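Position 1 is the first residue of the sequence; numbering continues from there. What you are looking at is a predicted structure, and each value in this text was computed from that prediction instead of being measured.
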Amino acid sequence: MRYYALIFFLFFSTFSYTQSPVKYSKVKVLLNSPDDITQMASLGLIDHGEYAPNKHYTGVFSQREIRLLQENNLEHEIIIDDLIKAFQNKQLSNHTRNTDCPEKPETPLITPSNYNAGSMGGYLTYSEMLAELDDMKSQYPNLITSKAPISSTLTHEGREIYWLRISDNADNNEAEEPEVLYTSLIHAREPGSMMQMMYYMWYLLENYDTNPEIKYLVDHTAMYFIPCINPDGYIYNETTEPNGGGLWRKNRRDNGDGTFGVDLNRNFGYEWAFDNQGSSPNTNSDTYR
C-alpha cells in the first residue's frame, strides 16, 4: 500500500510541473479608436510592449488574453504564433542599436572572464546561478559575502531566497556606508535581468584591483544583490522548457481555483489594488495581484 502511495505522490509531484504549459504569441493589436488602449488596460492586457499611440500595440499574449481580444472585438494579428518554439529555433531577431546611440561606449567594457552563458538557451539555470555565487565567494572572499537566505520565510514551494553583499569589507556591515539594493527575476520569464546582474557582479569583483572607479565604488558602498526573487517561477520555466524560452511570469502560488501564481511586481503594499488597469483581480491574469 505504501508503495502505491509513493507512486501516486511522485506522479502528481511531476504533474504539478508539467501541467499544460501556456502557449504565448507575439500579437499586434490595431488601435482603431482612442478608447482601444484604455479598454485593453482595463482588461489587464497592457504590460511590456511596443506602443505606437493611435496606431498599434505589440506585445506578448497568452491564449487566454488572445480570446479576450476576440471577445471584445479588438482587431489584432498574430505575428509569431508560438514564441517559445521561435526562441528555441532561434527565429527571434535581436533588436538593432538605436541610431542616436554612439557606435562604441566612451569606456569600452571587457566582458568578465568568469561570466558564462548558461545551459538553458544561453541563460543560467537556477543551480548554475547558485554555483556561480559560490564561485564568487571562493575567488573573492574579502569582497563578497556567502549567499544567505533573506529570512526564515520560504517560497510557496519551500525554497529560500538568497542575498549577497559586495563591499571592501563584505563580511562586516559598516553602518556609515550608503547602501543600494539590486534585484532581478521578480518575473520568472526575464532571465536577462539575472544575467545582467551576474555580469555586473563579476565585473565589480574582477576589476576592483585595477579600475580606480570600481575600487572607489566598492570601498564606499554596500551593494546588496538578490539575483532571483522568484525561484519557484524560474524553476518552473526551467522544468517545462529546459532549452530556454519559458514564458511563465508569476510565482507558483496555488490560488485555490485551479490557477497558479501572483505577479510579484503587482503585489507591493503601496496603493495596492488602486485600479484594475495596472494590475488585475483575475487569478488567471499574468498581472494578478
Participant: Return the minimal non-hydrogen interatomic distance between Arg289 and Arg266, and the atom names on each side.
Facilitator: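 So the minimum-distance heavy-atom pair works out to CB-O, 3.2 Å.
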Participant: Evaluate the side-chain proximity of His48 to Val60: yes if any heavy-atom separation is below 4.5 Å, no if none is.
Facilitator: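 No, their side chains stay 4.5 Å or more apart.
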Participant: Do the side chains of Arg253 and Asp232 get close enough for a salt bridge, i.e. N-O under 4.0 angstrom?
Facilitator: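 Between Asp232 and Arg253 there is no salt bridge, as every charged N stays at least 4.0 Å from the carboxylate O atoms.
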Participant: With a 4.5 Å heavy-atom cut-off, do Glu177 and Asp168 have their side chains touching?
Facilitator: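 Yes. Closest side-chain heavy atoms under 4.5 Å.
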Participant: Are Glu132 and Tyr115 close enough that some pair of their side-chain heavy atoms sits under 4.5 Å apart?
Facilitator: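 Glu132 does not reach Tyr115 side chain to side chain.
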Participant: Using the side chain to side chain contact (heavy atoms under 4.5 Å, CB included) rule, take Asn114 and Asp135 through it: C-alpha gap first, then chi angles, then the decisive distance, then the call.
Facilitator: CA-CA 9 Å; Asn114 284 286; Asp135 192 23; 4.2 Å; yes
Participant: Is the shortest side-chain N to carboxylate O distance from Arg64 to Asp286 below 4.0 Å?
Facilitator: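 No.
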Participant: In the structure I gave you, are the side-chain heavy atoms of Arg165 and Asn173 within less than 4.5 Å of one another anywhere?
Facilitator: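 Yes, their side chains come closer than 4.5 Å.
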Participant: Answer yes or no: is there a side-chain heavy-atom contact under 4.5 Å between Met136 and Met198?
Facilitator: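 Side chain of Met136 against side chain of Met198, heavy atoms only: contact under 4.5 Å found.
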Participant: Evaluate side chain to side chain donor-acceptor pair (under 3.5 Å) for Gln139 paired with Glu206, printing each intermediate quantity in order.
Facilitator: CA-CA 9 Å; Gln139 292 193 50; Glu206 290 185 12; over 6 Å; no
Participant: Between Tyr224 and Trp163, is the gap from one ring center to the other below 6.0 Å?
Facilitator: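 Close enough - the centres of the two rings lie under 6.0 Å apart.
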Participant: Would you mind reporting whether Tyr203 and Leu109 have side-chain heavy atoms less than 4.5 Å apart?
Facilitator: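 Contact flag for Leu109/Tyr203 side chains = yes.
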Participant: After noting the C-alpha distance and the side-chain angles of Asp257 and Thr259, does the key distance pass the side chain to side chain donor-acceptor pair (under 3.5 Å) rule?
Facilitator: CA-CA 6 Å; Asp257 59 359; Thr259 68; 2.6 Å; yes
Participant: Side chain to side chain contact (heavy atoms under 4.5 Å, CB included) between Gln70 and His76: does it pass, once the steps are laid out?
Facilitator: CA-CA 8 Å; Gln70 295 168 342; His76 60 280; 3.6 Å; yes
Participant: Who passes side chain to side chain donor-acceptor pair (under 3.5 Å) against Tyr140, sequence neighbours left out?
Facilitator: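 Residues passing side chain to side chain donor-acceptor pair (under 3.5 Å) with Tyr140: none at all.
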Participant: Taking atom CD of Glu271 as the centre, report whether more than 12 heavy atoms of other residues, nucleotides or ligands fall under 6.0 Å from it.
Facilitator: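 Counting other residues, nucleotides and ligands, CD of Glu271 exceeds 12 neighbours.
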Participant: Could you go through the side chain to side chain donor-acceptor pair (under 3.5 Å) check for Arg189 and Asn230 one step at a time?
Facilitator: CA-CA 10 Å; Arg189 68 186 184 195; Asn230 185 3; over 6 Å; no
Participant: Taking all non-hydrogen atoms of both residues, which atom of Asn54 and which atom of Pro34 are closest, and how far apart?
Facilitator: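 Of all heavy-atom pairs spanning Asn54 and Pro34, the closest is OD1-CA, 4.4 Å.
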Participant: So which atom in Gly261 and which in Lys250 form the shortest heavy-atom distance, rounded to 0.1 Å?
Facilitator: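 So the two residues come closest at O-NZ, 3.3 Å.
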Participant: Tell me, please, which residues at least two apart from Asp219 pass salt bridge (charged side-chain N to carboxylate O under 4.0 Å, His left out).
Facilitator: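 Applying salt bridge (charged side-chain N to carboxylate O under 4.0 Å, His left out) to Asp219 gives Lys215.
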Participant: Just by distance, no angles: are the side chains of Gln196 and Ser184 close enough, under 3.5 Å, to form a donor-acceptor pair?
Facilitator: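 Result is no, nothing qualifies.
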Participant: Would you say Leu68 ends up clustered with Leu83 if hydrophobic residues are merged whenever their side chains have heavy atoms under 4.5 Å apart, either directly or through other cluster members?
Facilitator: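 Hydrophobic grouping puts Leu83 apart from Leu68.
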Participant: Are Ile166 and Met197 connected, step by step, through hydrophobic side chains (Ile, Leu, Val, Met, Phe, Trp, Tyr) whose heavy atoms are closer than 4.5 Å?
Facilitator: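 Yes, Ile166 connects to Met197 through the hydrophobic network.
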Participant: So which atom in Tyr126 and which in Glu238 form the shortest heavy-atom distance, rounded to 0.1 Å?
Facilitator: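 Smallest heavy-atom distance, with atoms named: N-OE1, 3.0 Å.
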Participant: Indicate yes or no: does Arg249 engage Asp263 in a salt bridge with an N to O separation below 4.0 Å.
Facilitator: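 Yes, charged N to carboxylate O under 4.0 Å.
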Participant: With rounding to the nearest 0.5 angstrom, report the CG to CD distance, Asp254 to Glu157.
Facilitator: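 That separation rounds to 10.0 Å.
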Participant: Please tell me if the side chains of Leu181 and Ile226 come closer than 4.5 Å, counting only heavy atoms from C-beta onward.
Facilitator: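 The answer is yes, as the side chains (C-beta and beyond) meet within the 4.5 Å cut-off.
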Participant: Once side chain to side chain donor-acceptor pair (under 3.5 Å) is applied, do any residues pair with Ser146, and if so which ones, sequence neighbours excluded?
Facilitator: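 For Ser146 there are no side chain to side chain donor-acceptor pair (under 3.5 Å) partners, ignoring immediate neighbours.
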Participant: Side chains of Tyr234 and Met120, heavy atoms from C-beta outward: is any pair under 4.5 Å?
Facilitator: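 Tyr234 vs Met120: side chains touch.
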Participant: Do other residues, nucleotides or ligands put more than 12 heavy atoms under 6.0 Å from Tyr51 OH?
Facilitator: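 Counting neighbours around OH of Tyr51, more than 12 heavy atoms of other residues, nucleotides or ligands fall under 6.0 Å, so yes.
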Participant: So which heavy atom on Pro231 is nearest to which on Thr155, and how close?
Facilitator: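 Shortest heavy-atom separation between Pro231 and Thr155 comes out as CG-CG2, 3.8 Å.
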Participant: Could you give me the CA-CA distance, side-chain angles and deciding distance for Gln277 and Ile46, then say whether side chain to side chain contact (heavy atoms under 4.5 Å, CB included) is met?
Facilitator: CA-CA 8 Å; Gln277 297 183 18; Ile46 299 294; over 6 Å; no
